[in-house]
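Down below is the structure, laid out as structure tokens.
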Amino acid sequence: MASYREFHRRSIEQRDAFWREEAGLVHWHKPFAQVLDYARPPFAKWFVGGETNLCYNAIDRHLAARGGQKALVWISTEVDQERSYTYRELHAEVQQAAAMMQALGVQRGDRVIIYMPMIAEACFAMLACARIGAIHSVVFGGFAAASLAARIDDARPKLMITADGGSRMGKRVLYKSLVDESIRLAQSPPERVLIYRRGLDPDMPVAPGRDVDWQPLAAQHAGAQVPCTWLESSEPSYILYTSGTTGKPKGVQRDVGGYAVALASSMERIYCGHAGETMFTTSDIGWVVGHSYIIYAPLIAGMTTVMYEGVPVRPDAGIWWKIVQDHKVNVMFSAPTAIRVLKKQDPAYLRKYDIGSLRHLFLAGEPLDEPTHVWITQALRKPVIDHYWQTETGWPILSSVPGVEQTKIKFGSPSFPVYGYDLRLLRESDAADADADEKAVVTIAPPLPPGVMTTVWGDDERFVSTYFKTFTKKMVYATFDWGIRDRDGYYFILGRTDDVINVAGHRLGTREIEEAVSMHPNIAECAVVGVADALKGQMPLAFAVAKDVSQLGAAEGRKRLEKEVMETVDRQLGAIARPSAVHFVTLLPKTRSGKTLRRAIQALAEGRDAGDLTTIEDPAALEQLKNALAGR
């Protein structure tokens with residue numbers, strides 16, 4: 001077997017030959033005439049002239065060999081239900097949903113906004129869009145009406161698909177009222193709204209002539225047969241909005257052919273997931289991980305995919321490992337935040353279930369600190385692979401690639417650049433290549449590989465100005481993350497380039513300080529933000545969650561632990577990085593996808609308005625922060 005170094009080198013130096021081979025992993029209705037068209041940098045078109053379809057690759061091509069195999073297993077600990085669908089049954093459900101959309105006027109190229117909880121029907125809707133050539137834009141079910149309205153106006157959808165409600169930690173979350181308000185606010189509202197009723201909102205208002213119930217319409221189209229629409233490789237498959245520095249939402253546009261090839265390749269090379277096996281990804285379909293590794297990639301690989309509505313600690317902290325045992329999960333994908341939540345629970349839950357089927361656990365979403373990486377590896381006694389990517393890339397940028405070579409895992413490191421990515425660590429000052437162990441900006445020299453965003457929806461200029469103008473001397477894609485490469489070639493992500501604190505002229509990454517705080521044995525997780533300081537410009541301020549809170553009831557105990565944490569930071573980074581204070585809370589404010597709301601924390605610490613917090617998991621976290629800052 002080729003060494004990974006050689007495999008990666010070939011993907012850069014012999015790009016056409018390499019990706020022509022990888023393209024053989026998917027079905028092409030019409031062969032492509034050209035592997036890469038890079039005539040208009042930085043815009044790359046992959047597999048030019050080829051025609052394919054994501055839904056065909058995910059479902060239809062498996063029917064002959066594995067029609068009776070489970071394709072989708074939906075588990076909800078919120079409503080205590082479980083349903084499974086074979087490839088044949090999923091095929092029927094998706095065709096029915098496609099026929100429903102067509103009956104509501106949706107055609108090739110039309111946009112469909114999907115604003116739904118983690119239910120099987122959301123999966124049907126996404127695949128149905130792919131089947132008929134409509135462009136889906138899944139909006140995370142936690143966004144407020146104004147945020148949803150902004151996305152409506154940018155995508156200009158023909159149809160919106162929603163549900164009466166979802167559930168989070170046993171509490172109902174009503175969707176339809178948010179949808180109605182967003183449509184009232186929008187300048188370009190959808191003509192029709194398709195609603196799946198779960199019985200969670202019996203008083204749900206209905207707009208006659210606009211709103212359509214899923215169940216009766218589905219009954220009209222039972223047994224429908226809807227052929228796949230063959231799409232040219234570079235046609236848009238979906239839009240996924242991500243946060244930008246301006247108020248206008250930024251729609252990441254993905255293609256069809258390049259994305260299909262990247263996902264198929266990643267399942268074989270990175271995740272080592274094979275046909276007939278099972279993958280459990282704990283994300284939400286509203287995020288890129290849910291698109292790529294709940295819906296598309298596992299099905300393209302002929303696997304069974306587990307879609308989970310619930311949280312990692314309900315009914316108890318063993319639920320994920322019970323799912324691994326019950327469904328013989330081979331590949332699992334989660335986020336560091338979720339593991340840090342489990343770290344605070346009784347470790348007996350990790351040993352309660354038989355996880356012998358599990359080959360490895362992948363973690364991504366934010367940097368994985370070394371203590372958490374060590375803890376989960378020892379607890380599971382399985383390889384835990386940290387890897388790094390973004391909404392924009394659609395699949396990993398940095399990872400171990402065990403399907404090519406079993407390389408040693410370094411705790412806290414997402415290993416090496418993934419094949420296809422010409423990764424460069426560039427000095428911020430002069431865009432020169434950084435030396436080993438030198439902090440620099442993580443960039444990618446174009447052309448970007450297959451599967452990565454092709455542009456910003458409706459705004460090519462914004463694509464160029466946002467991602468390719470960081471350095472005036474070089475046209476490179478900026479990830480907006482700091483990183484270093486050690487002398488063994490392993491990479492470490494140090495946090496966002498905008499998450500930098502300037503303390504008396506010293507630039508410190510909040511990520512580095514968080515890692516140092518987490519080195520204290522009684523700290524489960526923490527968030528560090530830079531707070532304005534009249535003397536030094538900024539000072540780091542830490543909010544930490546302790547594992548053992550028995551000593552924190554009294555001020556003396558809090559002071560003692562604060563002093564120990566500061567001494568730990570001193571030892572790790574030096575006194576310059578010592579937080580001005582360490583506040584202890586029982587939970588940090590996070591989005592429902594697990595991202596820590598650092599901007600909101602910083603705003604509160606500086607006495608400013610925390611801004612839009614519609615995606616927050618638990619508003620009680622903000623109250624804890626306010627009380628801690630007020631000394632209560």
Side-chain angles (χ1 to χ4, degrees), residues 76 78-79 97 100-101 103-106 110-126 128-129 134-168 171-218 238-243 247-249 251 284-287 290-291 309 457 591-593 612-617 619:
S76 174
E78 295 290 341
V79 295
M100 292 157 63
M101 289 185 195
L104 295 173
V106 177
D110 286 340
R111 277 77 63 207
V112 176
I113 284 189
I114 299 171
Y115 185 75
M116 296 183 87
M118 283 286 286
I119 56 176
E121 288 70 20
C123 173
F124 305 159
M126 292 173 72
C129 286
I135 301 166
H136 64 66
S137 182
V138 183
V139 178
F140 175 62
F143 278 116
S147 301
L148 181 55
R151 286 151 176 77
I152 290 171
D153 285 338
D154 195 66
R156 304 172 74 90
K158 176 71 71 73
L159 172 70
M160 182 182 290
I161 306 177
T162 189
D164 57 350
S167 178
R168 188 77 180 176
K171 296 176 184 173
R172 287 188 306 164
V173 181
L174 302 184
Y175 280 43
K176 182 55 168 48
S177 55
L178 283 167
V179 165
D180 288 345
E181 175 66 8
S182 71
I183 288 174
R184 190 185 68 76
L185 294 170
Q187 302 298 310
S188 304
E191 296 168 15
R192 310 299 287 273
V193 178
L194 180 60
I195 307 148
Y196 184 81
R197 290 183 185 259
R198 306 181 72 188
L200 295 176
D201 185 5
D203 302 319
M204 183 186 82
V206 174
R210 185 196 73 188
D211 295 353
V212 182
D213 275 2
W214 178 295
Q215 285 90 333
L217 187 61
Y238 68 76
I239 306 163
L240 185 55
Y241 288 94
T242 187
S243 56
K248 190 173 187 283
D284 187 287
I285 53 153
W287 310 115
H291 281 57
E309 182 184 39
W457 171 255
T591 66
R592 289 170 199 163
S593 69
D612 181 11
L613 298 171
T614 52
T615 63
I616 192 166
E617 169 76 61

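Not measured: the values here are computed from a predicted model.
Here ring-ring contact (aromatic ring centres under 6.0 Å, His included) pairs that include residues 190-218, with residues two or more places apart or in two chains, are Y196-W214. Identified under the salt bridge (Lys or Arg N to Asp or Glu O under 4.0 Å) test for residues 198-207, with sequence neighbours left out: R198-E309.
Residues forming a side-chain hydrogen bond (donor to acceptor under 3.5 Å, both in side chains) with R192 (at least two apart in sequence, or on another chain): none. Looking at residues two or more places apart in sequence or on another chain, you find a ring-ring contact (aromatic ring centres under 6.0 Å, His included) between Y238 and H136, Y259, H291. For D211, the salt bridge (charged side-chain N to carboxylate O under 4.0 Å, His left out) partners are K176, not counting sequence neighbours. A search for side chain to side chain contact (heavy atoms under 4.5 Å, CB included) contacts involving D153 returns A186, Q187, S188, not counting sequence neighbours.
In this structure, R156 places its CZ atom where only 12 or fewer heavy-atom neighbours from other residues, nucleotides or ligands lie under 6.0 Å away.
Atom OH of Y241 and atom OG of S147 lie 12.5 Å apart (nearest 0.5 Å). Atom CG of L104 sits about 11.5 Å away from atom CG of D110, to the nearest 0.5 Å. Note that CE of M118 is 9.5 Å distant from SG of C123, once rounded to the nearest 0.5 Å.
In terms of modelled atom types and a separation under 3.5 Å, the side chain of D164 and the main chain of L200 share a donor-acceptor contact.
Paired with Y115 under the rule side-chain contact (heavy atoms from CB on, under 4.5 Å), one option of V179, I161, V138 passes, and it is V179.
No side-chain heavy atom of I119 sits less than 4.5 Å from a side-chain heavy atom of E78. In this structure, the side chains of M100 and V212 stay at 4.5 Å or more apart for every pair of heavy atoms.
Between R111 and D154 there is no salt bridge, since no side-chain N of the basic residue sits under 4.0 Å from a carboxylate O of the acidic one.
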